[in-house]
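Every chain is numbered from 1 and lettered A, B, ... according to where its sequence line falls, protein lines coming before strand lines.
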2 protein chains.
Amino acid sequence: MTSAKHPPSSALTSAPAPKPQAAARIQVIDRAAALLDTIARYPEPVSLKILGAETGLHASTAHRILASLIQNGLVERDPAGHYRLGLRLLQLGVRLRGDVDLRAIARPVMETLRDQLGESINLTIREGDEVVYIEKATPNRMIHVQQLIGARAPLHVTAVGKLMIGAGGAEAINAYAERTNLPAYTRNTLTDVAALREVCLRGIHEGYALDDEEAELDVGCIGVLLHDSTGRVAGGLSVSAPIERRQLAWIEDLRRAGQRISEQLG
Amino acid sequence: MTSAKHPPSSALTSAPAPKPQAAARIQVIDRAAALLDTIARYPEPVSLKILGAETGLHASTAHRILASLIQNGLVERDPAGHYRLGLRLLQLGVRLRGDVDLRAIARPVMETLRDQLGESINLTIREGDEVVYIEKATPNRMIHVQQLIGARAPLHVTAVGKLMIGAGGAEAINAYAERTNLPAYTRNTLTDVAALREVCLRGIHEGYALDDEEAELDVGCIGVLLHDSTGRVAGGLSVSAPIERRQLAWIEDLRRAGQRISEQLG
DNA sequence: GGAAAAGATTCCATAATGCGGAAAATTTGC
DNA sequence: GCAAATTTTCCGCATTATGGAATCTTTTCC
């Protein structure tokens, strides 16, 4: 049964590498989290063997921790005895942060925009030097851009990300570039600080930004920022499409949708 | 800032009580899970004090475990230092089980049906003696029934739940009644085995079931079952509305929508 | 504005807790 | 049918998490 799959490393959108932080570690919890991440990385239920190998845990140890996770509903087993994520995670996953407001408000606007443009609409927020996709509306057509909720991408390869960097001004852009070294994801990724600064600042000025196959080849985006009533950046709204379908005429629709959401944010 | 809220015990839809199972417990993980559940139970970020009190953990212990959860992205802190769920949970919450298929397939049909009927559409699966809400489509009107994803309800108080019991035949209904004792949630809840059996079996025969304010007063539902290609019950589809708005004419639309989803299930 | 209280955080000696080697049970492959 | 691979249980050991107390920080109230 266990089809010997590669560890499916979806380069861009997958989980960040394990952060070997020094402070405040609890061994069991780190291990449990590693197991959850590993299970999530596989599209199908995973065997104990694989989990042990991937996490470097002794079979016995992994088994014990998984048993406890099962008790708590965070993990389940399929009929074949393989491990998959538990339903309790659904309950937890939908209740986070104050973003529930943002998501609830954005959802209907996003659906309308999706029907208008016929392409995938994404809602993102910034976390550190990454954007996190927290909601999406996908059209009912064969080929469309599929972004996983919870996925991450570095700021400088996405449309809204560039606006988020730009919102901090020139110094913030330089600081970001220095911190991250602007890793390239495709041949179009901006890896030059000067070019990035130029693009970000113009984006802020114009009120929108593009992503021209900078995160993934063949995918193009248009993004705008969302602001709450205090003017703070609350997130970003973007449309993603196969590059040859993308139209700059969408900018106005997107901008209007973004404004509608921003107006409703307390 | 910390408004002294009651532990918001949303009777029906909240998390199940901690199951004191005997086997395979790991203390830290149980405690971590309890902390996550407690945080999820509060609509706003929670202070360490409250978390310690609710979980019965010493402040020092709770603090240490929370620090580790933060390291793993499962928990975050707001500017005031209060705890809320972490974004990593989003990533995990959307990747569970094979239900991704069901959800992906159902989503567009649900949205169409919602627009058609103008009411909330829910997608549920069975887990033990409960239904779990795994997807929803809510209309854009002021008053509509709001069901949280991940929430649970006992089978006998919901429309699809009654069909799920009925699918097992008369013996299954009796067994369910014996196990659970048919607790009442409103004055309309069926607490008599004979009445429940009658309703469930007729539901199976007719291909739909109703919920007449049996889970919550003023809320009425209509439910149908979803079957995969092998004929197994894959889940349930239902429409929920304020009882005075509910129309039996919806049954046909709902049934058709359910069939459309069932047909697409491998 | 200062003192007192409440809450959050760090420290550390202690033993309880989780660890993992190995063996038993179960499943899979040939 | 046996043999190999994998899962599960067991148990002595020391690593790991524990929680009381001390310290630091923030809030409250006079």
Side-chain angles (χ1 to χ4, degrees), chain A residues 1-7 18 20-36 38-39 42 44-72 74-86, chain B residues 1-7 18 20-36 38-39 42 44-72 74-86:
Chain A
M1 295 304 129
T2 308
S3 50
K5 287 198 152 48
H6 312 212
Q21 301 257 8
R25 312 221 58 94
I26 292 186
Q27 196 184 56
V28 209
I29 291 182
D30 289 349
R31 291 174 166 185
L35 286 168
L36 289 176
T38 305
I39 297 176
Y42 283 81
E44 293 173 40
V46 201
S47 73
L48 176 64
K49 184 75 187 306
I50 294 182
L51 288 175
E54 286 250 353
T55 57
L57 294 176
H58 191 270
S60 162
T61 306
H63 183 264
R64 184 164 21 83
I65 295 175
L66 287 166
S68 173
L69 290 173
I70 289 174
Q71 293 284 330
N72 289 289
L74 301 173
V75 167
E76 295 176 357
R77 308 194 69 171
D78 71 0
H82 294 176
Y83 297 90
R84 61 185 177 199
L85 296 177
Chain B
M1 296 303 126
T2 309
S3 49
K5 288 196 154 47
H6 311 211
Q21 302 257 11
R25 311 223 59 95
I26 292 186
Q27 195 184 59
V28 209
I29 291 182
D30 288 350
R31 291 175 167 184
L35 285 169
L36 289 175
T38 306
I39 296 175
Y42 284 81
E44 293 173 39
V46 201
S47 72
L48 176 65
K49 185 76 186 309
I50 294 181
L51 288 174
E54 285 248 356
T55 57
L57 294 176
H58 189 196
S60 164
T61 305
H63 182 264
R64 181 162 26 82
I65 295 176
L66 287 166
S68 173
L69 290 173
I70 289 173
Q71 294 283 328
N72 289 289
L74 301 173
V75 168
E76 296 177 355
R77 310 194 67 172
D78 70 0
H82 294 176
Y83 297 90
R84 60 184 178 198
L85 297 177

*When you measure from the side chain of B/D78 to the backbone N and O of B/A80, does any donor-acceptor pair fall under 3.5 Å?*
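It does hold such a pair.
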pair [X]-[Y]: side-chain heavy atoms closer than 4.5 Å:
{"X": "B/D30", "Y": "B/Q27", "result": "no"}
{"X": "A/L57", "Y": "A/L35", "result": "yes"}
{"X": "B/H82", "Y": "B/Y42", "result": "no"}
{"X": "A/I26", "Y": "B/V28", "result": "yes"}
{"X": "B/R31", "Y": "B/T55", "result": "no"}
{"X": "A/R77", "Y": "A/I70", "result": "yes"}
{"X": "A/L48", "Y": "A/L66", "result": "yes"}

Mind calculating the distance between [atom1] ([X]) and [atom2] ([N]) to the nearest angstrom?
{"X": "B/I29", "N": "D/dT16", "atom1": "CD1", "atom2": "C1'", "result": "13 Å"}
{"X": "B/L35", "N": "D/dT18", "atom1": "CG", "atom2": "P", "result": "11 Å"}
{"X": "B/L57", "N": "C/dA8", "atom1": "CG", "atom2": "P", "result": "14 Å"}
{"X": "A/I65", "N": "C/dG20", "atom1": "CD1", "atom2": "P", "result": "8 Å"}

*asked:* D/dT18, OP1 or OP2 - any side-chain N/O from B/T61 closer than 4.0 Å?
replied: no
*asked:* Across nucleotides 5-13 of chain D, 5' to 3', mark each nucleotide with B, S or - according to how protein heavy atoms within less than 4.0 Å reach it.
replied: -SSBBB---
Could I get a table of every N or O pair under 3.5 Å where one atom is in the protein and the other is in nucleotides 15-17 of chain C?
residue: C/dT17; atom: OP1; partner: B/Q27; partner atom: NE2; Å: 3.0

